[in-house]
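The structure under discussion appears below in the form of structure tokens.
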Amino acid sequence: MLTTTQRIIFGGALLIGAAAAEAQSTVIPPVAGGVRLINATPIGEFHNYVENGWGIGGDFRWFPANQKALSLRADAGFLIYGRQTTSECFGSGCRITIDITTSNNIFSGLVGPELQVPSGPIRPYVNAMAGWTVFWTQSSAGGQNSNNENLFETTNMRDNLFTSAIGGGFRIPINDNVKLDFNARRNFNGRARYLTRDSFGDGTNTSPAVRESEVNMWTYAVGMSIGRF
């Protein structure tokens with residue numbers, strides 16, 4: 001049998017353990033993330049061949065030491081800067097016509113530090129990142145195999161680039177966990193070989209017109225940030 005003192009000690013230990021377990025279960029992990037819609041505006045030589053691009057992106061931010069101002073940000077984005085569908089002959093005598101869709105795409109993956117104002121009705125931030133950007137053009141036509149894979153698909157051109165970027169923006173809290181996110185970024189992509197929407201002309205060109213230039217751009221985005229940090 002437990003004495004009264006032992007019961008008090010044992011009961012207190014149970015209460016402390018329960019409180020600690022509850023506190024641990026409500027610890028907020030020091031991470032945040034977001035999704036956004038992106039508009040890309042080419043500058044310099046790139047603007048001579050491409051007007052703009054549209055796409056989607058996402059980010060993940062980790063805050064070391066549970067502080068809320070400095071984070072390590074990983075960022076990914078996918079853009080289409082040109083898309084064209086043409087009807088072309090298939091087989092002798094042009095007895096069948098097929099639709100061929102050509103898409104000009106950009107994917108980038110970046111990582112780097114971000115510094116933000118962690119409180120207030122408007123929370124500005126700045127970041128600097130580096131990583132890889134891929135330019136590629138892909139053409140496809142109808143037809144799938146048993147695995148739902150496109151039978152008529154080819155990559156017309158591809159170029160991989162080291163890229164860097166500086167950017168900034170601001171977040172507006174909607175509640176404790178959700179914020180509107182507005183940002184702009186200057187992307188330094190360097191020089192690339194790539195195709196554009198008019199590289200194949202009306203579809204009869206067998207050798208597409210290859211562009212080569214600096215492919216730097218501004219990107220502007222609006223989206224949602226999720227997380228208390």
Side-chain angles (χ1 to χ4, degrees), residues 29-44 46-47 49-64 68-83 101-118 122-138 155 157-175 177-190 192 194-197 214-229:
V31 296
V35 293
R36 60 191 182 278
L37 298 174
I38 306 172
N39 167 253
T41 301
I43 58 178
F46 195 26
H47 187 59
Y49 306 112
V50 176
E51 292 185 1
N52 55 49
W54 296 89
I56 57 174
D59 66 83
F60 177 84
R61 289 171 286 130
W62 172 66
F63 295 79
K68 299 181 180 182
L70 180 65
S71 65
L72 181 64
R73 174 171 175 151
D75 200 288
F78 171 75
L79 297 165
I80 295 177
Y81 66 91
R83 187 178 177 89
T101 299
T102 300
S103 178
N104 304 302
N105 315 298
I106 304 172
F107 175 82
S108 59
L110 306 170
V111 63
E114 178 173 293
L115 183 64
Q116 70 172 8
V117 175
I122 298 178
R123 304 179 184 182
Y125 62 88
V126 292
N127 51 51
M129 291 180 284
W132 292 97
T133 295
V134 182
F135 282 71
W136 83 100
T137 296
Q138 184 170 286
T155 298
M157 177 159 284
R158 182 187 185 98
D159 205 349
N160 302 305
L161 310 170
F162 174 78
T163 188
S164 59
I166 56 173
F170 59 92
R171 300 184 180 98
I172 300 176
I174 296 177
N175 56 41
N177 297 302
V178 180
K179 306 171 187 68
L180 291 175
D181 192 340
F182 303 86
N183 71 76
R185 178 183 298 163
R186 174 66 159 83
N187 299 271
F188 301 90
N189 296 320
Y194 58 97
L195 302 180
T196 60
R197 190 178 184 277
E214 298 283 333
V215 285
N216 301 318
M217 67 181 78
W218 278 95
T219 58
Y220 306 95
V222 58
M224 305 290 289
S225 177
I226 301 172
R228 294 196 177 184
F229 286 80

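Both backbone and side-chain heavy atoms feed into the values below; hydrogens, waters and symmetry mates do not.
- Ring geometry for W136 versus F78: interplanar angle of 30 to 60°, hence tilted.
- A distance-only check finds a donor-acceptor pair linking the side chain of N216 to the backbone of G190 [under 3.5 Å].
- A search for side-chain contact (heavy atoms from CB on, under 4.5 Å) contacts involving F182 returns F170, I172, L180, V222, not counting sequence neighbours.
- To the nearest 0.5 Å, atoms CD1 (I226) and CG (D181) are separated by 11.0 Å.
- Residues satisfying the side-chain hydrogen bond (donor to acceptor under 3.5 Å, both in side chains) test with N177, not counting sequence neighbours, are R228.
- A donor-acceptor distance shorter than 3.5 angstrom exists from the side chain of N189 to the backbone of V215, with no hydrogens or angles considered.
- Rounding to the nearest 0.5 angstrom, the gap separating the CZ atom in F135 from the CG atom in D159 is 8.5 Å.
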Show every donor-acceptor pair shorter than 3.5 Å between a side-chain atom in residues 34-44 and any protein atom, with sequence neighbours excluded, or say none if there are none.
from: R36; atom 1: NH2; to: D75; atom 2: OD1; distance (Å): 2.4
from: R36; atom 1: NH2; to: D75; atom 2: OD2; distance (Å): 3.0
from: N39; atom 1: OD1; to: T41; atom 2: OG1; distance (Å): 3.3
from: N39; atom 1: ND2; to: G53; atom 2: O; distance (Å): 3.4

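- Atoms CG and CZ, on N187 and F46 in that order, are 10.5 Å from each other to the nearest 0.5 Å.
- In this structure, R61 fails the cation-pi test against F63, since its NZ or CZ atom is not both closer than 6.0 Å to the six-membered ring centre and inside 45 degrees of the ring normal.
- Taking a 6.0 Å sphere around CG of L72, one finds it holds more than 12 heavy atoms contributed by other residues, nucleotides or ligands.
- Atom CD of Q116 and atom CZ of R171 lie 5.5 Å apart (nearest 0.5 Å).
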